[in-house]
Undergrad: 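Encoded as structure tokens, here's the structure I'll be asking about.
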Amino acid sequence: MEKLEIKNVKLHYYTSKGIIRALDGLSFDLRAGESLGVVGESGCGKTTLGTALLNMPTPPGRIVGGEILINGLDLLKLSENELRKQIRWEKMAMVFQGAMNCLTPVYTIQKQMMETILSHRKMSKEEAEARIRKYLNLVGLSADVLGRYPHELSGGMKQRIVIATALFLEPQVVICDEPTTALDVVVQAQIINLLKQLKQKLKLSFIFITHDLATEAEVADRIMVMYAGKAVEIGTNQQIYGPQGAAHPYTKLLMAATPRLHQKVDQLAFIPGTPPDLLTPPTGCRFHLRCPQVMPRCRQEEPSLIESEPAHTVACWRCYHE
Amino acid sequence: MSEIIFEVKNLRKWFPVKRSLGQLLRGQRTWVRAVDDVSFQVKKGEVFGLIGESGCGKTTTGKLIMKLMEPTGGQMLFRGNEVTYLPTAALSEYKREVQMIFQDPYASMNPRFRIHEVLAEPLVIHRIGGSEQERMKLAAAALTKVKLTPPGDYLDRFAHMLSGGQRQRVATARTLILSPSLVVADEPVSMVDLSTRAELLQMMKDIQQELGLTYLYITHDLSTARYFSDRIAVMYLGRIVEMGSADEIIDHPLHPYTKALIAAVPEPVPGKVNVIKEIPIKGEIPSAAQIPPGCRFHPRCLYAVDDCRHLPEPELTPAKPRYLVACRRYKELQKDLG
């Protein structure tokens, strides 16, 4: 893959109460071999973004605009059949939130993995099994898990199986939606290490969706911070976590609210209020109601992403003045 | 300050495992040893953190203290009085004094109750506040304490009309309404957004200072445990392996398990993307039905020697002032690893 480009994507949920603009004009790109972290509070559109990228919005959601280009091919113009044959799991795979619950309790691991592979590839059972074994080995599991049922495995093992299943059709992009949230801290660190190794070995591109800035620091080359369906800041790992720090007030507050283990603080910061209701998003900058540095202009006009330094874009009126 | 409000001595909760016919005939029994000889003391006015991974027995310990289940063995003392087995009459008084905040604010409230009913229920059960108006007043006061103001805005709502953070405030208000002296908080913030987590913990701390509460804070999250707790006990497979002040545990841990836990926590600092992190632990957590002999951590420990496998399990022993550790090699390891 050369590049994944997302241009002005809009995904709206048509509910009985009105239209929820969960993604409201989102644009970014992902280069080959790069990992992009997507962070934000719950309800900011992170998970919706994951479903949009595979063009499988959850009803009543619909993608109402924009382009998702993979090597120049627009996913949103493909039929269901073409998507299934050419894109999903072939070029882009997804590891879902609470992935451990994605496994069917009544089938053995072998049967579930076999099903995925045989529905995409014409190969004999022996070949398929050889490939499954190869990928199990890659995620650090022995082949004895194949005969077992999901309930016989630990959370970490199940997560590894879901990752192996996402990988064995050799996709170029893997979308991980909260891949480690339900796991214990030691297992979480092991899975993160595994994903890092896979990225290096297989030259994969990753999109990591999580609410936790600390986890993102471990895995993401670049970070995109989302708020109320829009990107408010995109920067490299160094730009966001480095000494100079993030530029957008929302990112700064999120960072301050992230507890650090080795720093004794008397008072943790928090962000007062809650994210806006996307049925009726506020006018102007969507963050202005909670922003500590709000200016009159923020209430009326919405800032768009501008480049504050190379590779670093921010949507904040304060950055326009500098 | 040093008055001990709650004490647990050799507390045990073993769950029987269903036996096969063969095992039944041979008279074999197996147990899941969820809590296996746990002892600690909680001082009045402190926050005592109980941390560990899932399956380590921390929630079971909380439930035993709440008397939601009966222990298999051991003793619990509340203000020096035996509370391990209580007659029904005394139980009600105990349950007024010891309250719990549950993990899931979505599941811990009746969806058909309005907030004032949620808050009045414990009052009705404990026959406090004679009339409905009286109870309404108490409910409003409790909401003010948890900073859901003005309380009038919330009293008539249903739980589904509140955000996760607001629900957890209501859950806190419900425990406070009985003016308890000990609150068991089982992962109170793990299901709320990061941005509101700190706000909730801050509120809980403010209330603690105002009312002189004691918290037992059960969590898997070391970062909030450090921030919120005065003392921490680390549990592994049903046992406490290390116990001391929160800062000492996090900054200078002695037990290899605690060290591994701390090494695994991600931190928001740059430059770690292409670095594979060293986590000084191996294997996976064994089942509590098959606890390894010797030190129960030895199959996962990088520093285990033959003694750890064969000699009886190490007891918690003082290593520093007011600091206990259950590892027979901690002194050598301290020297070797610097």
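Nothing here was measured: the structure is a model prediction, and the numbers come from that model. Chain letters run A, B, ... following the sequence lines, proteins first and then strands; every chain starts at 1.
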Undergrad: Is it the case that over 12 heavy atoms from other parts of the model lie below 6.0 angstrom from the NZ atom of K196(A)?
TA: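 Enclosed.
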
Undergrad: Side chain, backbone, both or neither: which part of I262(B) has a heavy atom under 4.5 Å from chain A?
TA: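 Contact with chain A is through both the backbone and side chain of I262(B).
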
Undergrad: Side chain, backbone, both or neither: which part of A256(A) has an atom under 4.5 Å from a heavy atom of chain B?
TA: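 No part of A256(A) comes within 4.5 Å of chain B.
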
Undergrad: Kindly give the heavy-atom pair with the smallest separation between H248(A) and F287(A), and that separation in Å.
TA: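 Where H248(A) meets F287(A) most closely, the heavy atoms are CE1-CD2, 4.1 Å.
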
Undergrad: Against chain B, label Q200(A) side chain, backbone, both or neither, depending on which of its atoms sit under 4.5 Å from a heavy atom there.
TA: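 When you check distances to chain B, only side chain atoms of Q200(A) fall under 4.5 Å.
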
Undergrad: Quick check on Q197(A) against chain B: is it the side chain, the backbone, both or neither that has a heavy atom closer than 4.5 Å?
TA: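 Interface part for Q197(A): both.
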
Undergrad: So for L261(B), is it side chain, backbone, both, or neither that comes closer than 4.5 Å to the heavy atoms of chain A?
TA: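 Both backbone and side chain.
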
Undergrad: Between Y215(B) and Y217(B), does the ring centroid distance fall short of 6.0 Å?
TA: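 No, the ring centres sit 6.0 Å or more apart.
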
Undergrad: Pick whichever of I271(A), L194(A), I192(A), T274(A) has the most heavy-atom pairs under 4.5 Å with chain B.
TA: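 Of I271(A), L194(A), I192(A), T274(A), I271(A) has the most heavy-atom pairs under 4.5 Å with chain B.
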
Undergrad: Could you look at Q202(B) and say if it's the side chain, the backbone, both or neither that has a heavy atom under 4.5 Å from chain A?
TA: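 For Q202(B), side-chain heavy atoms alone lie under 4.5 Å from chain A.
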
Undergrad: With only heavy atoms counted, which part of V185(A) is less than 4.5 Å from chain B, the side chain, the backbone, both or neither?
TA: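 Contact with chain B: backbone and side chain both.
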
Undergrad: Heavy-atom pairs under 4.5 Å with chain B: which of D221(A), L254(A), T236(A) has the most?
TA: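 Heavy-atom pairs under 4.5 Å are most numerous for D221(A).
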
Undergrad: Using atom types as modelled and distance alone, determine if a side-chain donor or acceptor of E233(A) lies under 3.5 Å from a backbone N or O of T251(A).
TA: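 No; zero donor-acceptor contacts below 3.5 Å.
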
Undergrad: Where on Q239(A) is there a heavy atom nearer than 4.5 Å to chain B: the side chain, the backbone, both, or neither?
TA: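 Nothing of Q239(A), per the 4.5 Å heavy-atom cut-off to chain B.
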
Undergrad: Any idea which of E216(A), E41(A), H211(A) has the most non-hydrogen atom pairs under 4.5 angstrom with chain B?
TA: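 That would be E41(A).
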
Undergrad: Test E242(B) against K259(B) for salt bridge (Lys or Arg N to Asp or Glu O under 4.0 Å), laying out the working first.
TA: CA-CA 11 Å; E242(B) 189 158 16; K259(B) 287 183 185 170; over 6 Å; no

Undergrad: Tell me, side chain or backbone of M157(A) under 4.5 Å from chain B's heavy atoms, or both, or neither?
TA: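 Both backbone and side chain of M157(A) come within 4.5 Å of chain B.
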
Undergrad: Who wins among G242(A), A217(A), A257(A) for the most heavy-atom pairs under 4.5 Å with chain B?
TA: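 Top option by heavy-atom pairs under 4.5 Å: A217(A).
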
Undergrad: So which of N237(A), V219(A), I240(A) has the biggest tally of heavy-atom pairs under 4.5 Å with chain B?
TA: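 Going by pairs under 4.5 Å, I would pick N237(A).
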
Undergrad: Could you check which of T224(B), N274(B), T196(B) has the highest count of heavy-atom pairs closer than 4.5 Å to chain A?
TA: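 Ranked by heavy-atom pairs under 4.5 Å with chain A, first place is N274(B).
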
